[in-house]
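Any value given below was found using the heavy atoms of this structure, including those in side chains, with hydrogens, waters and symmetry copies removed. Keep in mind it's a predicted model, so treat the numbers as computed, not measured. Chain letters run A, B, ... following the sequence lines, proteins first and then strands; every chain starts at 1.
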Amino acid sequence: MIVNVLLFASYADALGADAVMVEVPDGAVLGDVVTAIRGRPGGDRVPSVPLVARNHRYATLADPVAATDEIALIPPVAGG
Amino acid sequence: MIVNVLLFASYADALGADAVMVEVPDGAVLGDVVTAIRGRPGGDRVPSVPLVARNHRYATLADPVAATDEIALIPPVAGG
Amino acid sequence: MPRAALVTRPLDVAALLREVQRPANGAEVLFVGTVRDAHEGRSVTGIDYSAYDAMASAELERLVEEASVRYATPDVVCEHRLGTLAVGDASVVIAVGHPRRAAAYDASRWVIEALKARVPIWKREHYADGSRAWVHHGR
Amino acid sequence: MPRAALVTRPLDVAALLREVQRPANGAEVLFVGTVRDAHEGRSVTGIDYSAYDAMASAELERLVEEASVRYATPDVVCEHRLGTLAVGDASVVIAVGHPRRAAAYDASRWVIEALKARVPIWKREHYADGSRAWVHHGR
């Protein structure tokens with residue numbers, strides 16, 4: 001399946017895009033999405049265990065992913 | 001000597017005055033002033049060891065007093 | 001510079017905030033004390049605040065100076081209002097600006113606790129039944 | 001009721017204070033985060049704040065709801081500004097109203113710490129030499 005992944009701040013700079021499409025097998029988990037992202041040009045600047053959000057909530061890399069999910073990689077936050 | 005003593009809040013209500021003159025011997029300490037105040041009508045509502053100020057600073061009952069000092073008895077404070 | 005004042009007009013929180021904002025500061029903490037509608041189960045309609053003016057001013061000034069030294073910032077301002085206040089009126093505002101938020105919170109807290117312990121100000125509550133009473137902290 | 005918002009206009013501290021004032025409250029604590037002119041020894045001229053808008057809004061709302069339950073007061077409001085801010089501009093305001101001052105301080109502190117840990121907002125500093133860099137807390 002094709003999953004759309006949102007990127008922000010330093011990760012968007014690293015990949016040169018605010019969002020990328022990645023292909024992962026059906027039944028994939030968020031960790032598979034991260035691995036796919038890290039294989040892209042510039043993806044080496046994403047850590048192997050980044051913060052990940054699914055549908056506007058933090059999730060773990062072991063959580064499953066569906067094509068309809070809104071997935072995002074979250075760089076270290078710096079609000080306030 | 002004659003010492004003028006300022007009273008506030010519940011102490012002023014107790015003594016029925018914002019200030020009272022008391023006579024104490026030369027060489028008296030603030031404790032002597034308190035004793036004199038407590039002998040006045042209503043003075044029994046002043047505790048035996050009240051907070052006392054001399055010239056706008058807290059002082060102890062063992063501190064000396066001069067006729068030119070500004071003496072005040074300070075009821076429990078309640079600012080804020 | 002640290003500044004403290006007793007005033008008889010309404011307190012201007014926005015002005016006090018501006019007073020402690022400087023380019024070196026990353027955090028401002030404001031404490032606002034307001035008149036509550038109840039105290040120890042009784043319905044309160046207002047409070048008279050009175051003070052030993054000369055000493056309260058001096059003590060409040062000493063207190064913001066001490067906070068300024070203790071927490072290493074010049075930006076400590078406190079105003080306390082006197083007179084008859086209604087429910088919801090602000091009786092005291094403490095504004096602290098600091099490069100670091102932890103110190104801003106700590107300094108603000110230190111000032112209000114010291115003020116309540118040391119500054120010769122008294123309050124007499126007005127109750128819904130028409131009676132009035134002097135209020136002590138920690139009673 | 002607890003309320004949180006991401007905004008792109010200047011923050012109105014006086015309005016946020018009014019929002020948490022109720023007759024039952026005796027204390028309001030406001031935290032104001034402002035853009036500092038220096039960071040880790042570098043001269044800062046401004047900051048771009050950006051966010052994962054949908055999630056940051058949701059997370060900020062969850063956070064003020066949690067603070068409201070945790071500290072037992074409905075009066076918890078937080079606004080965070082996004083966009084390009086100049087030195088001295090307020091980036092975040094947290095307003096808490098509570099019957100008791102200790103809880104008001106604690107709730108305010110809890111919200112800012114949780115916000116800095118959890119809410120997906122990022123800042124890119126502009127330096128006096130013309131360069132820019134993403135800033136991480138605790139780096």
Query - D/Ala102 portion near chain C, given a 4.5 angstrom heavy-atom threshold - result: both
Could you list each donor and acceptor atom pair linking chain D to chain C at less than 3.5 Å?
| from | atom 1 | to | atom 2 | distance (Å) |
| --- | --- | --- | --- | --- |
| D/Pro23 | O | C/Asp37 | N | 2.8 |
| D/Asn25 | O | C/Thr34 | OG1 | 3.1 |
| D/Gly26 | O | C/Thr34 | N | 3.0 |
| D/Glu28 | N | C/Val32 | O | 2.8 |
| D/Glu28 | O | C/Val32 | N | 2.7 |
| D/Glu28 | OE1 | C/Thr34 | OG1 | 3.3 |
| D/Glu28 | OE2 | C/Thr34 | OG1 | 3.0 |
| D/Leu30 | N | C/Leu30 | O | 2.8 |
| D/Leu30 | O | C/Leu30 | N | 2.8 |
| D/Val32 | N | C/Glu28 | O | 2.8 |
| D/Val32 | O | C/Glu28 | N | 2.8 |
| D/Thr34 | N | C/Gly26 | O | 3.0 |
| D/Thr34 | OG1 | C/Asn25 | O | 3.1 |
| D/Thr34 | OG1 | C/Glu28 | OE1 | 3.3 |
| D/Thr34 | OG1 | C/Glu28 | OE2 | 3.0 |
| D/Asp37 | N | C/Pro23 | O | 2.8 |
| D/Arg101 | NE | C/Glu113 | OE2 | 2.9 |
| D/Arg101 | NH2 | C/Glu113 | OE1 | 2.7 |
| D/Arg101 | NH2 | C/Glu113 | OE2 | 3.3 |
| D/Tyr105 | OH | C/Ser108 | O | 3.3 |
| D/Tyr105 | OH | C/Ser108 | OG | 2.7 |
| D/Ser108 | O | C/Tyr105 | OH | 3.3 |
| D/Ser108 | OG | C/Tyr105 | OH | 2.7 |
| D/Glu113 | OE1 | C/Arg101 | NH2 | 2.8 |
| D/Glu113 | OE2 | C/Arg101 | NE | 2.9 |
| D/Glu113 | OE2 | C/Arg101 | NH2 | 3.4 |

Report summary line: Of D/Gly88, D/Ala24, D/Ala14, the largest count of non-hydrogen pairs under 4.5 angstrom with chain C goes to D/Ala24
**Report entry** Toward chain D, the part of C/Ile112 with a non-hydrogen atom under 4.5 Å
**Finding:** side chain
Query raised in the report: From C/Leu30 CG over to D/Leu16 CG, what is the distance, rounded to the nearest 0.5 angstrom?
Result: 12.0 Å
Report summary line: The interface call for C/Ala104 against chain D, heavy-atom contacts under 4.5 Å, is neither
**Report entry** Part of C/Val35 within contact of chain D (heavy atom distance under 4.5 Å)
**Finding:** backbone
